[in-house]
Every structure is written in C-alpha cells, then in structure tokens.
Amino acid sequence: MSSLNAMIAAVLLLALLAVQESTAADKSDPSVEITLTGNWSGRWTDSRPGYSPNGGDFTGTAVENVPGVWSATFVVGKALIFKAELKGKLVDGKIRFDTAVSLGKFHGVYTFKGCVTRDEFTGEYEGPDEKGTIKMTRTTELEK
C-alpha cells in the first residue's frame, strides 16, 4: 500500500472513531435533560383478540407540573383521548415509571411500568381484561 493510501486510510479511521465517540458522548451526556415533557408519537399493542397484537398508532403530549410529575394527554386513533398524571423518578439516566392511573369509570384503573430516555418512551400496561405495550419516540409536532 502506498504511503498516500495508508495516510488516507488512517484519516478515515480517525474520522470514524471521532464520530462514534461523539455519538456515544451525546447518549450519556449528563447535561442533557431527560424529561417526559414534549410531544410523542408511536404504537401500542393490546392482548385482547379484537385488537390483535398489532395495536395501533397513538400520540401524546406531556407537561411537567412539579419535578417528577407530568400531566399527559394521549390520543388513540382519531377519537379516544385519555388524560393521566404520571409520576416518575430519574434512575440510571432514565425516568422510570411504576404507577397506577385511573382512566375513569368506563376504562378503570391501569398499572403502568415504563421508562423515558432522551428520545424514547416505552412501557407495559395492564388494565381490566387487557395487557399491552407502548413504544413512542419524541416528535417536534403531533400529527393531526
């Protein structure tokens, strides 16, 4: 290999390593605030046969009322709207939720266990006669 080719290969390798280090630093940077506050979009699954394991799309918006407590509004499909207060704790760089939420007389009380990273909100829920999962990513605006 010529010295010019070796130099080009070395520069490309150093550039690749620098990009990988930068990406890793961004993910673990303690100065980046982890919060549920903002807009979210994703999918849910449901254990009930009528809904199949595929679930559907949904969106949400959350606002922090006091440290560790958020008011969230979730829109399932185009018609169902659920409002919930979620309490979470920052643990190991993630906000962790392990809570019960009342969705009113018709829907009942649901338990929710999940976590938020900078750009992802995931979890499992269980309610009257159903279990499911959610997986959402942060978005700049909600779909209409």
Side-chain angles (χ1 to χ4, degrees), residues 5-144:
N5 286 343
M7 186 183 314
I8 291 172
V11 168
L12 290 174
L13 179 60
L14 288 173
L16 178 62
L17 289 173
V19 168
Q20 287 176 336
E21 284 180 24
S22 172
T23 303
D26 288 346
K27 289 181 180 176
S28 63
D29 184 351
S31 68
V32 175
E33 181 182 9
I34 305 297
T35 182
L36 180 61
T37 299
N39 298 322
W40 298 88
S41 179
R43 293 194 57 82
W44 57 273
T45 65
D46 190 318
S47 63
R48 295 175 292 179
Y51 290 91
S52 82
N54 296 329
D57 296 330
F58 76 118
T59 59
T61 301
V63 176
E64 190 169 23
N65 297 326
V66 295
V69 180
W70 291 265
S71 291
T73 302
F74 297 101
V75 180
V76 179
K78 301 222 181 251
L80 289 176
I81 297 173
F82 298 102
K83 295 180 184 248
E85 182 177 274
L86 297 172
K87 297 176 184 176
K89 294 181 185 177
L90 186 62
V91 178
D92 296 329
K94 297 177 183 181
I95 298 173
R96 301 222 180 248
F97 298 94
D98 188 354
T99 189
V101 175
S102 174
L103 296 179
K105 284 183 182 181
F106 182 76
H107 295 288
V109 175
Y110 282 69
T111 58
F112 176 72
K113 292 182 181 185
C115 71
V116 170
T117 63
R118 182 171 45 169
D119 294 318
E120 190 172 64
F121 179 29
T122 60
E124 298 177 350
Y125 66 88
E126 187 170 343
D129 301 320
E130 70 173 303
K131 294 180 184 180
T133 63
I134 68 162
K135 183 172 184 179
M136 303 181 89
T137 54
R138 190 174 297 282
T139 118
T140 53
E141 61 182 67
L142 295 176
E143 295 177 15
K144 297 186 183 194

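Quick note: residue numbers are just sequence positions, from 1.
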A.B. asks: Using a 4.5 Å cut-off on heavy atoms from C-beta on, say whether the side chain of Ile34 contacts that of Val116.
C.D. replies: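 Yes. Closest side-chain heavy atoms under 4.5 Å.
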A.B. asks: First locate atom CD of Glu33, then atom CG of Leu90, and finally report the distance between them rounded to the nearest 0.5 Å.
C.D. replies: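 Between Glu33 CD and Leu90 CG, I get 9.5 Å after rounding to 0.5 Å.
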A.B. asks: Scan side-chain atoms only and decide if Thr61 and Thr73 contain a donor-acceptor pair under the 3.5 Å cut-off.
C.D. replies: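 Note: Thr61 and Thr73 side chains miss the donor-acceptor criterion.
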A.B. asks: Does the side chain of Leu36 come within less than 4.5 Å of Glu64's, by heavy atoms?
C.D. replies: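 No - every pair of side-chain heavy atoms lies 4.5 Å or more apart.
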A.B. asks: Looking only at heavy atoms, what is the nearest atom pair of Gly60 and Met136, with distance?
C.D. replies: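 That would be N-CE, 3.7 Å.
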A.B. asks: Decide yes or no on side-chain contact (heavy atoms from CB on, under 4.5 Å) for Arg138 and Thr117, but give the supporting numbers first.
C.D. replies: CA-CA 10 Å; Arg138 190 174 297 282; Thr117 63; over 6 Å; no
A.B. asks: Would you confirm whether Glu126, through its side chain, and Glu130, through its main-chain N or O, come within 3.5 Å as a donor-acceptor pair?
C.D. replies: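 It does not hold such a pair.
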A.B. asks: If the plane angle is over 60° it's perpendicular, under 30° parallel, otherwise tilted; pick one for Phe97 and Phe112.
C.D. replies: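 Rings of Phe97 and Phe112: tilted, as their planes differ by 30° to 60°.
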A.B. asks: Can you tell me if CG on Asp129 sees more than 12 non-hydrogen neighbours from other groups inside 6.0 Å?
C.D. replies: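 Counting other residues, nucleotides and ligands, CG of Asp129 stays at 12 neighbours or fewer.
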A.B. asks: Show the numbers, then the answer: is there a side-chain contact (heavy atoms from CB on, under 4.5 Å) between Tyr125 and Val101?
C.D. replies: CA-CA 10 Å; Tyr125 66 88; Val101 175; over 6 Å; no
A.B. asks: Between Phe58 and Ile134, does a side-chain contact (heavy atoms from CB on, under 4.5 Å) hold up when you go through it step by step?
C.D. replies: CA-CA 9 Å; Phe58 76 118; Ile134 68 162; 3.6 Å; yes
A.B. asks: Distance check, rounded to the nearest 0.5 Å: Lys135 atom NZ versus Thr122 atom OG1?
C.D. replies: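 So the NZ of Lys135 and the OG1 of Thr122 are separated by 8.0 Å.
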A.B. asks: Would you call Pro128 and Tyr110 a side-chain contact if the rule is heavy atoms closer than 4.5 Å?
C.D. replies: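 SC-SC contact between Pro128 and Tyr110 confirmed.
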A.B. asks: Atom CZ of Arg118 and atom OG1 of Thr35: how far apart are they, to the nearest 0.5 Å?
C.D. replies: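 These two atoms lie 13.0 Å from each other.
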A.B. asks: Would you please test Glu124 and Lys131 for side-chain contact (heavy atoms from CB on, under 4.5 Å) and show each step?
C.D. replies: CA-CA 7 Å; Glu124 298 177 350; Lys131 294 180 184 180; over 6 Å; no
A.B. asks: What are the two closest heavy atoms between Thr140 and Asn39, and how far apart are they?
C.D. replies: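 Taking Thr140 first and Asn39 second, the nearest heavy atoms are O-ND2, 3.3 Å.
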A.B. asks: Within this structure, what is the CZ-CH2 distance for the pair Phe121 and Trp40, rounded to the nearest 0.5 Å?
C.D. replies: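 Taking CZ in Phe121 and CH2 in Trp40, the distance rounds to 7.5 Å.
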